Protein chains: 2
Amino acid sequence: MLEHNPSLTKKNTKDRILEAAIELFAQRGYTGVSVRDITKEVGVKESSLYNHFKNKEDVLNTILELFYDEIGKTSFSLETIEEGLNHMDLSGFLQHHAFMLRQKNTPLMIKIRKIIYMEQFRDERALNFILKGIIEAPSEFYKRVFQIAHEKGMIKNNNPEMLGMIYQYTALTIFWELMLREANGEDIAQYTKKIFNLIEFLCER
Amino acid sequence: MLEHNPSLTKKNTKDRILEAAIELFAQRGYTGVSVRDITKEVGVKESSLYNHFKNKEDVLNTILELFYDEIGKTSFSLETIEEGLNHMDLSGFLQHHAFMLRQKNTPLMIKIRKIIYMEQFRDERALNFILKGIIEAPSEFYKRVFQIAHEKGMIKNNNPEMLGMIYQYTALTIFWELMLREANGEDIAQYTKKIFNLIEFLCER
DNA sequence: GTCTATAGCAGGATAGAC
DNA sequence: GTCTATCCTGCTATAGAC
């Protein structure tokens, strides 16, 4: 996807179409946006879009793949856990990982995440991506984190799988709430702190 | 809303329109469904819809109000906590409350919930209902539950606010996952157990 | 690759007969 | 309250000139 321009810095028409589509889909949903809306935003005629994409559906496809390549593929690799926990304590590791995720969730990626949330029951790819990329893979990752921390004697609690699930599921809602409050025009400064408080609490025990 | 027929048992045209709209909106989203689609499903002409609703938006309005009346208004009343915890232990109270919520979440209400989730960034009412009715009010409720349980010496942990937030936020994701897996055609039998395990874990400490 | 022009259909909504 | 008929706008997509 976008080999020479992963940040979509408005060079060519294709990327400008993608950027406009992401913005509009995030505001009004896929079915709420027309090809006219997108091309009008870019400043080209509707027919030009079909030089770059097969059809409207193909635009959404490309956006979802873009998100998967940036976020889904590498964020929850089980191989990194063991070594990470050799260098850091559990809360340090989780803070570090949360910080990395925050770096990856640029404004553009957050817009795509909104699109995925809005299409979750309508589009099979969105549904599967949430189930696998947003729920299952991170759950496996955090379960493994707390398991290894338990094996290394870094936490006392003897139900690390439960702690992993609690961390992932709670963090997901915190991040969801952040997106909602941002969409509602509210201040979102305290949400990093909310995650860090959660980490502290779960690592105490 | 629907004074004589809260379960929408297909008596009059208005209710049949509502039921068809809920079904279709839950599958394809508000903007993905046309007035034609709805009336075709019911078996009346498009113009008939305008005898019962001002326009398409008014159909969505009515659906959202229906949900609010059934779920939002009374599910998280702070007054019930004190007395509940006099009769039951904490895990019993939470189990009882989870069971009550499950009773209220009929298949019809779950469809409306899907609609709300899909419209969350597009429709201001959906956004506000999620923030207030699905995040804030339940959070306040569960924080209060754990606070009172703490005051009564029913739990040892001295951060009941955090426990309340963790319970609510984790349960929200579990319920979200349930909806996704159901939409994906998967079995959802073990989700009651998942909530009960969470309750047991949080009440132990 | 972009444009003009247009096909062909689907969208929300209304008027007026019954 | 439901119907037929119709309005007019917006929609996706394509053909073909430049």
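Every heavy atom of this structure was used, including side-chain atoms; hydrogens, water molecules and symmetry mates were not. Residue numbers start from 1 in every chain, and the chains themselves are labelled A, B, ... in the order their sequence lines are given, proteins ahead of strands. All values reported here derive from a predicted model rather than from experimental measurement.
- The stretch residues 33-50 of chain A touches DNA chain D through A/V33, A/S34, A/V35, A/R36, A/E46, A/S47, A/Y50, each having a heavy atom under 4.0 angstrom from the strand.
- Taking atom CD1 of A/I17 as the reference point, atom P of D/dT12 lies 13 Å away to the nearest angstrom.
- For B/R181 and B/Y191, the side-chain atoms include at least one donor-acceptor pair closer than 3.5 Å.
- Between A/Y117 and B/W176, the angle of the ring planes lies from 30° to 60°, which puts this pair in the tilted group.
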Would you list the atom pairs, donor with acceptor, under 3.5 Å between side chains in residues 87-95 of chain B and any protein atom, with sequence neighbours excluded?
| unit_1 | atom_1 | unit_2 | atom_2 | d |
| --- | --- | --- | --- | --- |
| B/H87 | ND1 | B/E83 | O | 2.9 |
| B/D89 | OD1 | B/G92 | N | 2.7 |
| B/Q95 | NE2 | B/E200 | OE2 | 3.3 |

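- For B/K14 and B/T62, the side-chain atoms include no donor-acceptor pair closer than 3.5 Å.
- Between the P atom of C/dA10 and the CG atom of B/L24 lies a distance of 17 Å, rounded to the nearest Å.
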Which pairs of donor and acceptor atoms, one on a side chain in residues 20-29 of chain B, lie under 3.5 Å apart (sequence neighbours left out)?
| unit_1 | atom_1 | unit_2 | atom_2 | d |
| --- | --- | --- | --- | --- |
| B/E23 | OE1 | B/K111 | NZ | 2.7 |
| B/E23 | OE2 | B/Q27 | NE2 | 2.6 |
| B/R28 | NH2 | B/D37 | OD2 | 3.0 |

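- Between A/N12 atom CG and C/dG1 atom P the separation is 8 Å, expressed in whole Å.
- Looking only at atom types and distance, the side chain of B/N184 has a donor-acceptor partner in the side chain of B/E186 under 3.5 Å away.
- Residue A/N55 contributes atom CG, which lies 14 Å from atom C1' of D/dC11 at whole-angstrom precision.
- Residue B/E57 contributes atom CD, which lies 15 Å from atom C1' of C/dG11 at whole-angstrom precision.
- Counting to the nearest Å, the P atom of C/dA13 and the CG atom of B/D58 are 10 Å from each other.
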